[in-house]
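Encoded as structure tokens, the structure appears first; notes follow it.
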Amino acid sequence: LGSPSLLDDIFKGGGSVAVWVYIESDGGGNSGRIFEKSESSSIGWRLECLTESGTNIGVKFIHTFDSADFLPYTATDISMNTWHHIVVTYNRDSTSNLASMYIDGISKTLTLDDSPSGTANTDAASTLYIGNKSDAGRSFDGKMSQLGIWKGVLTQAQIQEVMEQT
């Protein structure tokens, strides 16, 4: 999608991304990308699949910081080969802010691989990719529909409304 200014630093001050997905496997490199707004692993953010476990899979959100990145993920309890609505809301302005992830309108408990420290890296010069990353090495395996990006953290009620309308 390129890098229009409207999509730059969407999580600065709070932002939300949403998508309907039909995940068939964990994708390229066992971490197929749903969204990625970066040109390298050290700048930007991404939403990716985790390694599958049987017929289930988890999802991880990553936002880069200059010292340590923010790496929350869900349990591998999302069933593959069925449609799911995924929403991530996050405000990167403070390292104490935690992302929220909703699967089918229900808030998920997230586990942290690492907590953020330092200053959030800007993604202003980065391209937004859907279904892969810049080197095409992390292809998403499945289908996507009704992708959305909002400036602002959506509430549970707004997430439910978006899910029901799409």
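These numbers were taken from a predicted model, which means no experiment stands behind them.
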Discussion item. By the definition salt bridge (Lys or Arg N to Asp or Glu O under 4.0 Å), identify the one residue from Lys37, Lys151, Arg92 that meets it with Asp9.
Written reply: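 Going through the options one by one, the only one that passes is Arg92.
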
Worksheet item: Could you go step by step and tell me if Leu98 and Leu112 meet the side-chain contact (heavy atoms from CB on, under 4.5 Å) rule?
Response: CA-CA 10 Å; Leu98 298 177; Leu112 290 178; 4.2 Å; yes

Hey, could you give me the [atom1]/[atom2] distance between [X] and [Y], rounded to the nearest 0.5 Å?
| X | Y | atom1 | atom2 | value |
| --- | --- | --- | --- | --- |
| Asn91 | Asn97 | CG | CG | 4.5 Å |
| Ser117 | Phe65 | OG | CZ | 8.5 Å |
| Ile130 | Leu47 | CD1 | CG | 11.5 Å |
| Ile106 | Gln160 | CD1 | CD | 8.0 Å |

Nearest atoms (heavy-atom pairs only) where [X] meets [Y]:
| X | Y | value |
| --- | --- | --- |
| Pro72 | Ala99 | CG-CB, 4.3 Å |
| Trp45 | His63 | CB-CD2, 3.8 Å |
| Leu50 | Lys60 | CD2-CB, 3.7 Å |
| Glu36 | Asn132 | CB-O, 3.8 Å |
| Ile43 | Asp123 | CG2-CA, 4.4 Å |
| Cys49 | Ile57 | CB-CD1, 3.8 Å |

Does the side chain of [Y] come within less than 4.5 Å of [X]'s, by heavy atoms?
| X | Y | result |
| --- | --- | --- |
| Met163 | Val87 | no |
| Phe70 | Tyr90 | yes |
| Ile34 | Val17 | no |
| Lys133 | Arg46 | no |
| Thr64 | Ser38 | no |
| Val21 | Phe140 | yes |
| Tyr22 | Asn81 | yes |
| His84 | Ile23 | no |

Look only at the side chain of [X] and the backbone of [Y], and say whether a donor-acceptor pair between them is shorter than 3.5 Å.
| X | Y | answer |
| --- | --- | --- |
| Asp26 | Ser31 | no |
| Asp69 | Leu71 | no |
| Asp104 | His85 | yes |
| Ser79 | Thr55 | no |
| Thr76 | Asn56 | no |
| Asp66 | Thr119 | yes |

Check whether [X] and [Y] end up in the same hydrophobic cluster, where Ile, Leu, Val, Met, Phe, Trp and Tyr are linked by side-chain heavy atoms less than 4.5 Å apart.
| X | Y | result |
| --- | --- | --- |
| Ile149 | Val19 | yes |
| Ile78 | Phe35 | yes |
| Val88 | Val162 | no |
| Val59 | Leu147 | yes |
| Met101 | Met144 | yes |

Practice prompt. Determine the sole option in Tyr73, Phe11, Tyr102 for which the ring pair (Phe, Tyr, Trp, His ring centres under 6.0 Å) test with Phe61 is passed.
Written response: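 In the set Tyr73, Phe11, Tyr102, the residue that makes a ring pair (Phe, Tyr, Trp, His ring centres under 6.0 Å) with Phe61 is Phe11.
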
Item to complete: Hey, could you give me each pair passing side-chain hydrogen bond (donor to acceptor under 3.5 Å, both in side chains) that has a residue in residues 139-150? Not counting sequence neighbours.
Response: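 Checked against side-chain hydrogen bond (donor to acceptor under 3.5 Å, both in side chains) - neighbours excluded - the pairs reaching residues 139-150 are Glu24-Lys143, Ser25-Asp141.
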
Practice prompt. Go through the steps to decide whether Lys108 and Asp77 satisfy the test side-chain contact (heavy atoms from CB on, under 4.5 Å), and finish with yes or no.
Written response: CA-CA 10 Å; Lys108 299 294 284 185; Asp77 61 356; 3.0 Å; yes

